[in-house]
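Just so we're clear, the structure is a prediction, and the values are computed from it rather than from any experiment. Chain naming here is simple, since letters A, B, ... match the order of the sequence lines and numbering starts at 1 in each.
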Number of protein chains: 4
Amino acid sequence: MSDSTTEASTARRVRPDVQRSLDALLAAASEVFATDGVDAPVRRITAKAGVGAGTLYRHFPQRSDLITAVFRHEVDACAEAASALAEQHEPVEALERWLQRLARFVADKRGLKTAMHSGDPAFESLPAYFMERFVPAVTHLLESAAATGDIRADVVPYDLLRAVSGIAAADDDAYTRRTISLLVDGLRYGGPSAASD
Amino acid sequence: MSDSTTEASTARRVRPDVQRSLDALLAAASEVFATDGVDAPVRRITAKAGVGAGTLYRHFPQRSDLITAVFRHEVDACAEAASALAEQHEPVEALERWLQRLARFVADKRGLKTAMHSGDPAFESLPAYFMERFVPAVTHLLESAAATGDIRADVVPYDLLRAVSGIAAADDDAYTRRTISLLVDGLRYGGPSAASD
Amino acid sequence: MSDSTTEASTARRVRPDVQRSLDALLAAASEVFATDGVDAPVRRITAKAGVGAGTLYRHFPQRSDLITAVFRHEVDACAEAASALAEQHEPVEALERWLQRLARFVADKRGLKTAMHSGDPAFESLPAYFMERFVPAVTHLLESAAATGDIRADVVPYDLLRAVSGIAAADDDAYTRRTISLLVDGLRYGGPSAASD
Amino acid sequence: MSDSTTEASTARRVRPDVQRSLDALLAAASEVFATDGVDAPVRRITAKAGVGAGTLYRHFPQRSDLITAVFRHEVDACAEAASALAEQHEPVEALERWLQRLARFVADKRGLKTAMHSGDPAFESLPAYFMERFVPAVTHLLESAAATGDIRADVVPYDLLRAVSGIAAADDDAYTRRTISLLVDGLRYGGPSAASD
DNA sequence: GATGAATGAGTGTTCATTCAT
DNA sequence: GATGAATGAACACTCATTCAT
């Protein structure tokens with residue numbers, strides 16, 4: 001089968017160079033945001049991405065467009081990591097690793113806190129997206145671990161996400177790591193109501 | 001206390017207009033930092049303080065000088081509030097009110113988090129100053145409350161400060177208030193080892 | 001007339017889609033120039049024309065190429081209007097209507113004044129083209145009107161064109177309309193030397 | 001008498017460096033606007049004025065502020081030239097020289113035509129200012145010339161200003177000069193109602 | 001030939017910092 | 001010491017032009 005079949009199947013084919021620009025921009029912005037915050041100069045992002053300023057503005061007319069795109073992109077990556085970890089590790093191990101991964105995500109996004117509290121409607125949808133993607137991910141991990149009897153079965157996924165977010169926001173990697181381990185230990189050995197609020 | 005007396009009596013007496021400029025700048029910067037973050041335009045601060053830009057730079061050649069001055073100034077104010085509250089309220093009440101006050105302080109300083117993690121040596125001393133001033137303050141409040149038998153006696157002041165900081169960093173006023181109350185209730189009724197790390 | 005026939009029959013026949021692009025570009029540029037001036041963004045023109053930017057540059061490598069093409073195109077349209085009006089109206093009526101039409105043309109081209117005085121050689125030929133097309137047109141209208149005895153016979157076509165241009169440049173539609181009427185009345189009733197310079 | 005007396009007499013004394021900046025900016029802008037139009041890059045103006053960009057924005061926050069300032073400044077200069085010419089020349093000579101001066105002013109301001117017709121309220125007051133300053137100037141010149149019997153006494157100043165504006169807008173120096181001379185000759189020898197509209 | 005994505009120089013504008021007054 | 005005008009580097013953003021598709 002020829003290329004055209006492939007083209008036809010995806011309607012308007014995304015031109016490869018366009019995709020390359022998008023990918024490079026998202027990757028560059030992700031790094032720069034983590035390093036210098038979301039107010040970093042646009043030029044630093046375009047330089048790292050190897051594209052011109054106009055390319056950035058074509059795809060992300062507003063700075064908030066880029067910020068939210070990066071946020072969603074990384075939420076997706078983190079959520080997808082849950083499946084990968086579930087396949088590679090025993091349930092509890094997968095759960096703990098993913099919570100550590102989540103903590104890293106939250107810590108990296110600390111620069112967004114201010115922006116998200118600015119009241120800018122561009123960021124309104126982000127918290128919902130966070131939960132929409134992570135609740136199913138953690139739910140699945142919890143159920144798998146509970147199914148083997150390794151952890152209790154009454155943990156509320158939302159509470160767990162919030163707890164990890166709070167811990168990670170403390171911005172002390174060692175503390176975060178220790179505390180999440182403690183938390184998982186708690187899930188493992190605690191009584192049936194220990195993790196509820 | 002005695003230091004300031006020495007300063008006033010010897011050395012170069014601080015001229016009243018200079019003091020006025022300093023006070024106005026600290027007050028203005030405090031407000032502006034809370035409202036617009038620590039990266040707010042200098043002009044906004046000088047305008048609010050009613051002084052020229054040159055005056056600000058004379059007293060605070062680096063921006064970080066102003067930031068740390070405001071930080072220390074407000075740490076001092078918060079620490080001093082402990083004594084005032086201790087005089088006006090019963091021990092436990094004073095303790096809780098002060099922890100709420102501390103939480104407000106931490107929440108207001110959220111904008112500093114990024115700066116403090118920038119590695120800039122100008123900010124290195126701030127966490128130590130935080131503890132240096134607050135540990136004695138909270139220690140005194142804890143001891144008073146423990147002396148009356150209203151709370152347990154084995155609370156580690158440092159842990160309590162850190163816990164409140166973490167809670168306040170969640171940036172949800174209602175949550176913070178509720179949780180601090182809960183914490184104090186825990187102190188009041190908990191067993192002898194509950195508050196330790 | 002015969003030229004266009006020759007063009008069509010020999011040489012490289014203009015492909016229909018090419019002609020469509022050219023027409024669309026000229027029409028779009030004409031509108032945009034009138035609305036936003038000759039310095040309007042290229043994108044606005046290509047968007048209105050429904051073509052890509054590359055297409056514009058293929059046909060008009062320099063911006064001045066597009067400007068002069070639009071200018072000539074509209075000079076042609078205005079000149080051709082003279083014949084049409086001559087067929088539909090009595091001679092003097094046709095003359096006056098055409099002069100009003102000419103005034104509108106001049107007023108619409110006001111944005112070109114600056115460009116034409118910029119010394120850019122690309123625009124050097126435009127005034128000559130203006131006269132080359134309009135002198136015959138107005139000459140014919142004047143002769144028809146003079147032949148019936150409705151207006152004097154000694155009007156210098158060039159002077160009349162220049163006078164109307166000057167009046168129209170005043171950029172006051174009502175004033176222009178009034179004054180052209182007055183001018184035509186003058187032609188109608190004036191003595192044998194009134195319209196000469 | 002000391003400096004302070006001088007200072008006191010003019011209330012808040014304009015600092016010499018500020019005045020220098022203002023003068024340089026107005027002069028530079030005037031030249032640049034004449035050369036490149038009112039949309040010329042800000043940098044060209046500041047470079048010619050020898051000041052930083054910030055200085056321009058301090059004094060003229062909006063571009064229209066600079067444009068109107070230049071306009072008024074030059075209207076003033078032209079209006080003041082009337083008195084100077086009246087002192088140096090015979091009445092009719094002064095009148096003609098000033099009308100030529102006015103024609104140059106109008107021709108130089110051709111770039112403003114588009115801006116003034118843009119509907120921007122910033123430019124609304126300019127035509128009124130034009131008349132407010134020039135009507136008295138030309139009135140005085142006309143009266144002086146009429147008093148000696150050199151020209152007729154019934155010329156409407158406003159009409160004369162408008163006529164010269166129209167002539168100058170033709171943007172052909174030789175034509176303008178010739179026609180203004182002709183106009184003044186007309187004033188000199190014409191009958192009592194010839195110059196009225 | 002047509003398209004429109006990419007480029008990157010150019011421009012307006014802000015704002016930290018200096019320094020003449 | 002205080003003031004605030006001036007500086008100019010830095011930045012966001014636009015848009016003419018090129019060129020891969």
Does E:dA6 have its OP1 or OP2 closer than 4.0 Å to a side-chain nitrogen or oxygen of A:H59?
yes
So what does B:S21 hit on the nucleic acid, given a heavy-atom distance under 4.0 Å: a base, only sugar-phosphate, or nothing?
sugar-phosphate
Which part of the nucleic acid does D:A40 contact within heavy-atom distance under 4.0 Å: base, sugar-phosphate only, or nothing?
sugar-phosphate
Look at the side chain of [X] and decide which nucleotide, out of [options], has an atom nearest to it.
| X | options | value |
| --- | --- | --- |
| C:V51 | F:dC11, E:dT3, F:dT7 | E:dT3 |
| A:R63 | F:dA12, F:dT7, F:dG1 | F:dA12 |
| A:V42 | E:dG1, F:dA12, E:dA6 | F:dA12 |
| B:P41 | E:dA16, E:dT11, E:dT7 | E:dA16 |
| C:A53 | F:dT18, E:dT17, E:dA2 | F:dT18 |

In this structure, how many angstroms lie between the [atom2] atom of [N] and the [atom1] atom of [X], rounded?
| X | N | atom1 | atom2 | value |
| --- | --- | --- | --- | --- |
| C:D36 | F:dA16 | CG | P | 12 Å |
| A:I67 | F:dA12 | CD1 | P | 11 Å |
| C:R58 | E:dG1 | CZ | P | 6 Å |
| B:R44 | E:dA16 | CZ | C1' | 14 Å |
| C:L22 | E:dA2 | CG | C1' | 13 Å |
| A:L56 | E:dT7 | CG | C1' | 13 Å |
| A:F60 | F:dC13 | CZ | P | 14 Å |
| B:D39 | E:dC15 | CG | C1' | 12 Å |

Heavy-atom nearest nucleotide on DNA chain E taken for D:Y57 and for B:G54; more 5' hit belongs to D:Y57
Mapping B:P61 and C:R43 onto DNA chain E by nearest heavy atom, which one lands closer to the 5' end?
C:R43
Going by distance alone, is a donor N or O of one side chain under 3.5 Å from an acceptor N or O of the other, for A:Y129 and A:D76?
yes
Where each residue is assigned the nucleotide of DNA chain F containing its nearest heavy atom, which of D:T55 and B:G50 is assigned the position nearer the 5′ end?
B:G50
Nearest heavy atoms of [X] and [Y], plus distance in Å:
| X | Y | result |
| --- | --- | --- |
| C:A49 | C:R20 | O-NH2, 3.4 Å |
| A:V75 | A:F105 | CG2-CZ, 3.5 Å |
| A:T68 | A:A122 | CG2-O, 3.5 Å |
| A:V51 | A:L25 | CG2-CD2, 3.7 Å |

Any-strand Watson-Crick or G-U partner of F:dT17, both distances under 3.5 Å
E:dA6
